[in-house]
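This report refers to the structure that appears directly beneath it.
Heavy-atom basis, side chains included; hydrogens, waters and symmetry copies ignored. Each chain gets a letter, A, B and so on, in the order its sequence line appears, and its residues count up from 1.
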Amino acid sequence: MNFDFSEEQKELRDHARRFLKDRCPWPVVRGVLEGPAPYDADLRASVAEMGWPATAMPEAYGGIGLGYVELCVIAEELGRVVAPIPFSSSVYLAAEALLLSGDEANKSEYLPKIVSADSIGTFAVTEGAGALSMDSIQTQFAGNRLTGKKIAVPDGDVASFAIVLAQSARGPMWTLADLTKGGSTRVAVKTVDPTRSHATITFDGAPAEPLGAPGKGWELTQRLLDRAAVLFAFEQLGGATAAMEMARNYSIERYAFGRAIGSFQAIKHRLADMFVKNELARSNCYYAAWALMTNSPELPAAAASARVAASEAYHFASKENIQIHGGIGFTWEADCQFHYRRSRLLGLNLGSVQFWKERLVSALEAGAVA
Amino acid sequence: MDFNDNSEEAAFRAEVKSWLAKNAPKFAQKGSNVRREDESAEDIAEAKEWQALKADSGYAFIQWPKEYGGRGSPMQAVIYAQEEAKYPLPRNYFIIGAFAGPTLMAYATEEQKARYIRPMLRGEEVWCQLFSEPGAGSDLAGIRTRAEKEGDTWVVNGQKVWTTVAYMSDWAILVTRHDTTLPKHMGLTYFFLDMKSPGVEVTRIRQISGGSDFCEVFLSDVRIPDSQRLGEIGDGWSVCLTTLMNERFMGGDASRPDAKELLGLAKRLKIDGKPAIENPAVRERIAEWYVQSVGAKFTKFRTLTALSRGQTPGPENSILKLVNASKLQDIGAYGMDLLGTAGILADVDGDEETAQFLMAYLAAPGARIAGGTDEILRNIIAERVLSLPSDIRVDKALPFNKLASGAK
């Protein structure tokens with residue numbers, strides 16, 4: 001049995017943790033929350049210098065091809081510190097979409113720019129409220145032009161290109177739009193978590209090209225969601241663990257009724273419940289990392305299970321962290337809000353927990369399960 | 001990251017598989033399905049024969065040191081258990097020996113070890129553990145069974161409860177209170193005891209489920225020679241900790257029915273004329289329990305990984321019983337819900353698939369209590385894993401006989 005990170009992966013984790021502790025303390029996150037910048041440019045540059053976007057990228061596209069487990073390790077650490085940078089949009093979504101598309105020309109064109117952080121890429125899918133389905137997609141692709149509106153696009157205001165799910169004469173279609181070439185307008189929007197930037201993008205006959213097999217846009221989207229879910233689940237796991245540690249540390253420092261509040265069972269049991277949910281999420285995440293790494297037929301079930309476990313663990317840890325802090329935790333000055341905001345953002349950005357529970361049971365019915 | 005044996009483990013597994021293939025089938029006739037209260041003398045004799053065969057081949061208590069007949073390897077013990085579980089073998093009555101043994105190894109004389117450990121390993125003599133009492137469950141150090149010294153003999157009076165296999169035991173480990181004027185942890189003394197001694201009376205407890213897995217043991221003027229004391233007078237608590245440390249079990253696999261059985265049930269039953277599995281509320285519940293089930297399974301794999309690497313397992317293992325016991329209770333109740341009013345029936349037309357939910361519902365309360373209640377397990381996670389300050393104890397420094405007891 002060898003179901004854990006290897007020694008090298010643990011070293012990578014420790015190294016990443018030290019690096020982010022130094023480069024991404026709360027004031028960096030708060031700077032993006034309160035300031036005009038869409039992300040922290042210094043942190044983004046140094047993460048690129050560290051080569052993190054290259055982690056799972058094949059060498060042919062400028063990557064170092066370490067593997068997906070290593071990328072999961074990085075994702076967990078970025079999640080711990082609530083990193084305010086456009087990493088997931090480019091690396092978990094745009095890069096994975098390009099790799100799935102099998103389009104050599106576009107892979108060679110865009111993937112090296114993601115690795116070097118010269119470009120930010122994104123995936124534009126959502127068009128309105130409610131669960132994602134192909135019926136909810138109105139955006140049209142015809143004559144190599146896109147028309148329609150995408151909302152809540154991660155880093156949509158700063159991305160230079162987007163993979164866009166659209167309807168076409170040949171059925172659901174992935175298209176690639178260069179957002180720097182006109183034909184589209186983008187407006188940054190307010191979200192639950194201003195430490196990550198989002199935009200509405202309106203395509204008004206914007207030039208775009210097909211990406212991947214025509215008519216396969218919906219199937220490709222399903223495969224992308226499964227892969228990205230694993231990576232986002234590790235960010236959620238990192239956040240949930242950090243929120244638990246924050247609550248635990250506060251419960252030891254804070255005295256009430258003549259004793260540390262962490263000595264009361266009401267607090268202890270709440271923290272124990274956080275630990276239980278986090279460990280269940282961790283084990284689910286490791287299983288999903290294995291499925292991602294090996295391209296297992298179990299990936300859809302494993303990814304959904306990890307996504308559900310990690311979304312719920314982070315939600316619980318982030319809200320109970322505020323509760324354990326009491327009144328101070330509810331203030332703008334306290335740092336509890338970062339996890340509270342980020343847990344909701346990550347819990348919804350690929351569809352809600354209900355959406356993923358439904359995917360999970362569908363995968364169970366299909367049969368490839370642990 | 002993978003789920004494979006390393007080469008040493010693979011070799012051991014192959015050895016175990018071939019040994020079991022040769023030896024297990026003739027013991028696997030009736031299997032472990034006999035209800036404990038229905039078992040015959042023959043069933044017990046067969047179980048003892050199987051245990052002796054295992055012991056003589058080095059497969060009983062594999063985690064024990066080699067000099068006592070084990071192999072000194074917790075990982076090999078796990079591999080053996082995984083392979084053995086593939087056969088419906090006789091019930092294992094010998095599990096208390098697995099931690100009574102190491103207690104003797106640590107505290108008994110050489111003569112005693114030579115006398116008792118081998119028969120314990122081979123199942124020739126069955127051991128039980130006289131720890132819990134009606135007034136001391138989670139608070140084990142609050143036991144009241146008295147031991148009073150008369151020359152070289154101790155006279156013991158009291159009542160023990162939740163004792164597994166006491167009705168068929170030859171020997172017992174026993175914790176008593178020798179001095180009620182000392183603070184509670186300091187007044188304890190530990191012995192081992194011949195269960196056939198005069199004054200030992202065993203009765204069986206019937207649980208909600210109708211099963212009788214445990215006993216009550218009444219001790220009336222039971223005389224124990226001082227030579228059967230383990231540890232010094234007043235050191236009973238440290239000896240207990242030695243026993244409990246070895247009791248820390250691997251956390252078994254989740255009991256059935258689990259999420260998969262619920263999925264099977266939901267495929268068969270109907271809601272509003274359509275299969276229940278198409279109902280979104282049903283799907284959501286199945287998803288929740290499946291996530292817990294996968295989480296528990298792979299948490300155990302993480303623990304096995306640590307053992308396989310020769311490391312001490314991390315704290316993750318401590319969540320397993322907490323998760324699995326409540327899950328069993330909730331799935332039992334939900335399976336009954338899906339059956340509708342028919343859910344109150346012990347079985348629907350003799351169907352075992354539906355009966356398992358009611359059985360789980362009735363058995364699960366015990367799972368949430370035995371081996372550490374949900375509440376004690378949360379305290380353990382909070383204090384030992386998360387290092388939170390211990391609770392304020394009102395009972396630690398006072399003489400035991402001055403403690404509030406709630407007794408009339």
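Counting heavy-atom pairs closer than 4.5 Å to chain A, the top residue among E375(B), M75(B), R309(B) is R309(B). Options I286(B), V385(B), I381(B), I380(B) differ in how many heavy-atom pairs under 4.5 Å they form with chain A, and the most are formed by I381(B). Of the listed residues (I277(B), N6(B), N379(B), L377(B)), the one with the most heavy-atom contacts under 4.5 Å to chain A is N379(B).
Contact annotation: the side chain of R283(B) approaches that of E358(A) to within less than 4.5 Å [non-hydrogen atoms, C-beta and beyond].
With rounding to the nearest 0.5 Å, the separation of OG in S283(A) from CZ in F301(B) is 10.5 Å. The distance from atom CG of D4(A) to atom CD of Q311(B), rounded to the nearest 0.5 Å, is 7.5 Å. To the nearest 0.5 angstrom, N2(A) atom CG is 8.0 Å from M1(B) atom CE. Summarising the geometry, atom CD1 belonging to I261(A) is positioned 9.5 Å from atom CG belonging to L388(B); distances are rounded to the nearest 0.5 Å. In this structure, CZ in R282(A) is found 6.0 Å from CZ in R302(B), a value given to the nearest 0.5 Å. Rounding to the nearest 0.5 Å gives a distance of 11.0 Å between CG of L304(B) and CZ of F3(A).
Within the 4.5 angstrom heavy-atom criterion, only side-chain atoms of S318(B), from C-beta onward, approach chain A. At a 4.5 Å heavy-atom cutoff, the contact between E383(B) and chain A is made by side-chain atoms alone. Proximity to chain A involves both the backbone and the side chain of P315(B), based on heavy atoms less than 4.5 angstrom apart. For a residue to count as touching a neighbouring chain, one of its non-hydrogen atoms must lie under 4.5 Å from one of that chain's; by this rule I79(B) does not touch chain A. Contacts between E9(B) and chain A at a heavy-atom distance below 4.5 Å involve the side chain alone, from C-beta outward. With a threshold of 4.5 angstrom between heavy atoms, V291(B) approaches chain A through its backbone and through its side chain. When heavy atoms are compared at a cutoff of 4.5 Å, L322(B) approaches chain A solely by way of its side chain, counted from C-beta outward. The parts of L271(A) that come within reach of chain B are both its backbone and its side chain, each placing non-hydrogen atoms under 4.5 angstrom from that chain. In this structure, no portion of F264(A) lies under 4.5 Å from any heavy atom of chain B.
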Handout entry: Steps toward ring-ring contact (aromatic ring centres under 6.0 Å, His included) verdict (F298(B), W290(A))
Key = CA-CA 11 Å; F298(B) 288 99; W290(A) 168 84; 7.9 Å; no
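For residues 245-253 of chain A, heavy-atom neighbours of chain B at less than 4.5 Å comprise R248(A), S251(A), I252(A), sorted by residue number.
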